[in-house]
Number of protein chains: 2
Amino acid sequence: MEYMNTAPAEEPRWLTDEEQRTWRAYMHAATLLEDHLDRQLQRDAGMPHVYYGLLVQLAEAPRRRLRMTELAMNAKITRSRLSHAIARLEKNGWVRREDCPSDKRGQFAVLTDAGQETLGKAAPGHVAAVRQAMFDRLTPEQQKALGDAMLIIAEGLQPKEAGADLPWLR
Amino acid sequence: MEYMNTAPAEEPRWLTDEEQRTWRAYMHAATLLEDHLDRQLQRDAGMPHVYYGLLVQLAEAPRRRLRMTELAMNAKITRSRLSHAIARLEKNGWVRREDCPSDKRGQFAVLTDAGQETLGKAAPGHVAAVRQAMFDRLTPEQQKALGDAMLIIAEGLQPKEAGADLPWLR
DNA sequence: ACTGGATACTTGAACTCTCAATCTCTATGC
DNA sequence: GCATAGAGATTGAGAGTTCAAGTATCCAGT
């Protein structure tokens, strides 16, 4: 090799002032909102927001059960994180594990009656918090625009290509 | 008291299908994006996204320093979280603490030259990641709408009233 | 069958964050 | 001047997350 194949090292395209404002508004809202919901659910239901989301997924699934990887994918988290989370929810008696008959490596996370119960009691307060923080403050048009934008971002971060760095395959 | 002052307990206003879609798109994008940025910065700069944000705040502040509470407010986090974070950044040599002369209870977090240096090296990769995940995928109109919506949400979560539950006053 | 490589999931350690308690110092009222 | 409430910040313990490594199983090719 004659010389190092260094990258071009162009001046990075910094954010414009307008973009800065957008980005900071986004980060501030996202940080505050997650903190707000975590706190509300920790207080009223004894679990963080992510864990609540897991129970919701299970409640909606047929036979109230989901394979670990599928659940991780629905929640957009890693399997490792899910393993720890399910262990905790199992201790609470809200979820139970079951072996998969068709694949001995597989595990189902199953929502228990106690879990269903807890979910039912937590849900109203949670919806109220989400409404108050987001939907009650935005017009339908703003909601639509927000949803559209976030959907595009979400899809961009989980490309279909093989070899993509998806949390639940990590 | 004659009877318990029970709440009305009306049927909660559940999210409509449309609202559900918006909410899930939001949560998915927010989760994936934070994971993505954390990972990128952990790999390229050895710190999580929040810590990077702290360095940015300090870099922009006069004399590259900020009082702890003020920094916590800018980052929308608790003082406790900030204390731990600054302790870690101090170990890395990127930040140093200084006493406040006018208020002996106060502390300044000061960005060191090493911190500035680290920041400078991490910034291009970070901006690129943010662009790729968000700005490159949205039209200017969508960016504007997203920013507007998130600004409203952020402001709703930090009311001016006394006694509001703000993370940095917790 | 058998073997190598992928898939499904778990584990433990290091790191981060939360919560409640603590400490010091400031400001207020008497 | 002095007591006391509040403000600024930190601490330690427990809970949650990440990362790298581990176990067990499945599958494709031979």
Side-chain angles (χ1 to χ4, degrees), chain A residues 31-32 34-43 45-54 66-73 75-92 95 97-109 162-163 165-170, chain B residues 31-32 34-43 46-54 65-73 75-92 95 97-109 162-163 165-170:
Chain A
T31 305
L32 289 165
E34 191 56 11
D35 173 86
H36 185 65
L37 297 179
D38 262 338
R39 225 166 134 71
Q40 186 267 322
L41 281 168
Q42 194 69 61
R43 175 166 50 78
M47 69 187 114
H49 185 206
V50 186
Y51 289 26
Y52 177 88
L54 297 175
L66 241 26
R67 286 287 292 272
M68 293 298 279
T69 298
E70 197 176 357
L71 181 48
M73 175 163 40
K76 310 301 170 192
I77 64 177
T78 64
R79 284 179 284 185
S80 173
R81 185 178 179 181
L82 179 62
S83 271
H84 289 297
I86 293 295
R88 197 279 219 180
L89 292 171
E90 210 170 10
K91 263 183 206 158
N92 283 275
V95 167
R97 284 179 217 250
E98 265 185 39
D99 293 341
C100 175
S102 63
D103 185 338
K104 287 176 186 163
R105 297 167 303 176
Q107 286 276 105
F108 282 104
D165 174 37
L166 302 170
W168 52 94
L169 298 182
R170 227 118 75 180
Chain B
T31 305
L32 288 165
E34 190 57 11
D35 173 87
H36 185 65
L37 298 180
D38 262 339
R39 224 166 135 73
Q40 187 267 322
L41 282 168
Q42 193 69 62
R43 175 168 49 79
M47 68 187 117
H49 185 206
V50 185
Y51 290 24
Y52 177 87
L54 297 175
R65 74 195 54 211
L66 241 25
R67 287 287 293 272
M68 293 298 280
T69 299
E70 197 176 358
L71 181 48
M73 175 162 44
K76 310 302 171 195
I77 63 178
T78 63
R79 283 179 281 181
S80 173
R81 186 178 179 180
L82 180 62
S83 270
H84 289 296
I86 293 295
R88 197 275 221 184
L89 292 170
E90 209 170 11
K91 261 183 210 160
N92 283 275
V95 168
R97 285 179 217 250
E98 266 185 38
D99 293 340
C100 175
S102 62
D103 184 341
K104 288 175 187 165
R105 296 167 302 177
Q107 286 276 107
F108 282 104
D165 174 38
L166 303 170
W168 52 94
L169 298 183
R170 225 119 75 184

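In what follows, chains carry the letters A, B, and so on, assigned in the order in which the sequence lines appear, proteins first and then strands, with residues in each chain numbered from 1.
Of the listed residues (B:E70, B:E98, B:Q107), just one forms a side chain to side chain donor-acceptor pair (under 3.5 Å) with B:R65, and that residue is B:E98.
The residue B:R170 sits apart from the nucleic acid: no heavy atom pair falls under 4.0 Å. When heavy atoms are screened at a 4.0 angstrom cut-off, B:Y51 is found touching the sugar-phosphate backbone but no base atom. Residue A:D38 is classed as having no contact, given no heavy-atom separation below 4.0 Å to the nucleic acid. Nucleic acid contact class of A:T69 (heavy atoms, under 4.0 Å, all strands): sugar-phosphate only. Among the atoms of the strands shown, only primed sugar atoms or phosphate atoms (P, OP1, OP2) are found under 4.0 Å from some heavy atom of A:R97.
Picking from D:dT18, C:dT26, C:dT16 the nucleotide with the shortest atom distance to the side chain of B:D35 gives D:dT18. The A:H84 side chain lies nearest to D:dT18 when the options are D:dT18, C:dT18, C:dC9. Distance from the side chain of B:S80 is smallest for C:dC19 among the nucleotides C:dT10, C:dT26, C:dC19.
The nearest heavy atom of DNA chain C to B:D103 and to B:V50 marks one nucleotide each, and the one closer to the 5' end goes with B:V50. Each of B:M47 and B:K104 has a nearest nucleotide on DNA chain C; the 5'-most of these lies closest to B:M47.
One cannot find a donor-acceptor pair under 3.5 Å joining the base of C:dT18 and the side-chain atoms of B:T78.
In this structure, the separation between OG1 on B:T31 and CG on B:D35 is 8.5 Å, given to the nearest 0.5 Å. Interatomic distance, CG of A:L169 versus OG1 of A:T69, reported as 7.5 Å (0.5 Å rounding). Between the CZ atom in A:R67 and the CZ atom in A:F108 there is a gap of 5.5 Å [rounded to 0.5 Å].
If you measure from atom CG of A:L169 to atom C1' of C:dA8, you get 11 Å, rounded to the nearest angstrom. For B:E70 and D:dA7, the CD to C1' distance is 15 Å, given to the nearest whole Å. In this structure, NE2 of A:H49 is placed 19 Å from P of C:dC17, rounded to the nearest angstrom. At whole-Å resolution of the value, CE in A:M68 and P in D:dA24 are 18 Å apart. In this entry the distance linking CG of A:D165 with C1' of D:dC19 reads 13 Å, nearest Å.
The residues A:D99 and A:R105 are annotated as not salt-bridged, no charged nitrogen and carboxylate oxygen being separated by less than 4.0 angstrom.
Contact between the side-chain N/O atoms of B:R67 and the OP1/OP2 oxygens of D:dG8 is not found at any separation under 4.0 Å. Between B:Q42 and the phosphate of D:dC19, there is no side-chain N or O to OP1/OP2 separation shorter than 4.0 Å. Phosphate contact (OP1/OP2 of D:dG16, side-chain N/O of A:R81, threshold under 4.0 Å): absent.
Side chain of A:R79 to backbone of A:W168: a donor-acceptor contact under 3.5 angstrom is found. A donor-acceptor pair is defined here as one N or O able to donate and one able to accept, closer than 3.5 Å; such a pair exists between the side chain of B:D38 and the backbone of B:H49.
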Check nucleotides 4-7 of chain C for protein N or O atoms closer than 3.5 Å to its own N or O atoms and list the pairs.
residue	atom	partner	partner atom	Å
C:dT7	O2	A:R105	NH1	2.5

